[in-house]
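Lettering follows sequence order; numbering is per chain, from 1.
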Protein chains: 2
Amino acid sequence: MDQVEIFKALSNKTRLQILNWLKQPAENFPEQPNADFENVGVCVGQIQNKAGLSQSTISEYLSILQRADLVCATRVGQWTYYKRNKEGLEKLSEIINTEL
Amino acid sequence: MDQVEIFKALSNKTRLQILNWLKQPAENFPEQPNADFENVGVCVGQIQNKAGLSQSTISEYLSILQRADLVCATRVGQWTYYKRNKEGLEKLSEIINTEL
DNA sequence: TTGGTATATCGGGAAAAGTCGATATACATT
DNA sequence: AATGTATATCGACTTTTCCCGATATACCAA
């Protein structure tokens, strides 16, 4: 993954917020019926509600974050759940500590 | 400093390279006559030579990095020397570890 | 004070990102 | 099969970023 793409993904207020919300899903989102936050993450609709931008925008933002390995997605039925990508975030931390 | 501005500053290949070069000036730049890399940093002209972009572009890039607290500048005579801003970089590392 | 060098700022054209509404796709339910 | 819901993709428009050349500013040397 290109480093520049990682930082571009983070260069947007809403995307930073999403990542921050996903750090503590239980604190930031209402209970989900059939899915555990810790296992699968939070579905697109909940993130969209919280962010207040259009569905298409949030869907695209999530795929930008995913391409940067900052979140990962799981499809379950008609829902796609997103959660933090721990490995990607650790790698980012390492980049900053070793290369910058 | 706005977090988004920090990540925007890092969302560019050349600016990332500059920061990386400044981590080990002695390895990345030829000797400077009247200035110690460790004390004041590297002057704009040297960075421009290495980056291969126009003088105006590099000057602007450096001020973008400075506004993001990623480098700091010292003017000495007709030269401006730039070096890493250790505090800003530590703060960035902290943001990633605690908020994302 | 005149000229030379280093850096900063300005103005602009091309490319990329932000954001939307409309539409497509995928799946579930009846 | 038909409808409804969740998400993804497309097309368009606006704003921002990239990067340049030209010009301004600051400082130094003769």
Checklist entry - Quick one: side chain to side chain contact (heavy atoms under 4.5 Å, CB included) partners of B/Leu89, sequence neighbours excluded? => result A/Leu100, B/Leu70, B/Arg84
Item to check | Set of side chain to side chain contact (heavy atoms under 4.5 Å, CB included) partners for B/Lys8, sequence neighbours left out | outcome: A/Ser11, B/Val4, B/Glu5
Next on the checklist: Without decimals, in angstroms, what is the distance between A/Ile6 CD1 and C/dA17 P?
Outcome noted: 15 Å
Item to check | Nearest-angstrom distance from the residue atom CD1 of B/Ile64 to P of D/dC19 | outcome: 10 Å
Next on the checklist: Is any side-chain heavy atom of B/Trp79 closer than 4.5 Å to one of B/Val44?
Outcome noted: no
Item to check | Whole angstrom value for the distance that separates P of D/dC18 from CZ of A/Phe7 | outcome: 14 Å
Next on the checklist: Going by side-chain hydrogen bond (donor to acceptor under 3.5 Å, both in side chains), name the residues that satisfy it together with A/Thr80, two or more places apart in sequence or in a different chain.
Outcome noted: none
Next on the checklist: Applying side-chain hydrogen bond (donor to acceptor under 3.5 Å, both in side chains), can you list everything that pairs with B/Asn28, at least two apart in sequence or on another chain?
Outcome noted: none
Checklist outcome for this item: Contacts of B/Ser54 meeting side chain to side chain contact (heavy atoms under 4.5 Å, CB included) (sequence neighbours excluded), chain-then-number -> B/Ser56, B/Thr57
Next on the checklist: Going by side chain to side chain donor-acceptor pair (under 3.5 Å), name the pairs with one or both residues in residues 13-23 of chain B, residues two or more places apart or in two chains.
Outcome noted: none
Checklist entry - What string of B, S and - do you get for nucleotides 5-10 of chain C 5' to 3' if you count protein non-hydrogen atoms under 4.0 Å? => result BSBBB-
Checklist entry - How close or far is atom P of D/dT16 from atom CZ of B/Arg67, stated in whole angstroms? => result 14 Å
Item to check | Any residue of residues 8-23 of chain B with a heavy atom less than 4.0 Å from an atom of DNA chain C | outcome: none
Item to check | Partner residues of A/Ser59 under the side chain to side chain contact (heavy atoms under 4.5 Å, CB included) criterion, sequence neighbours left out | outcome: A/Gln55
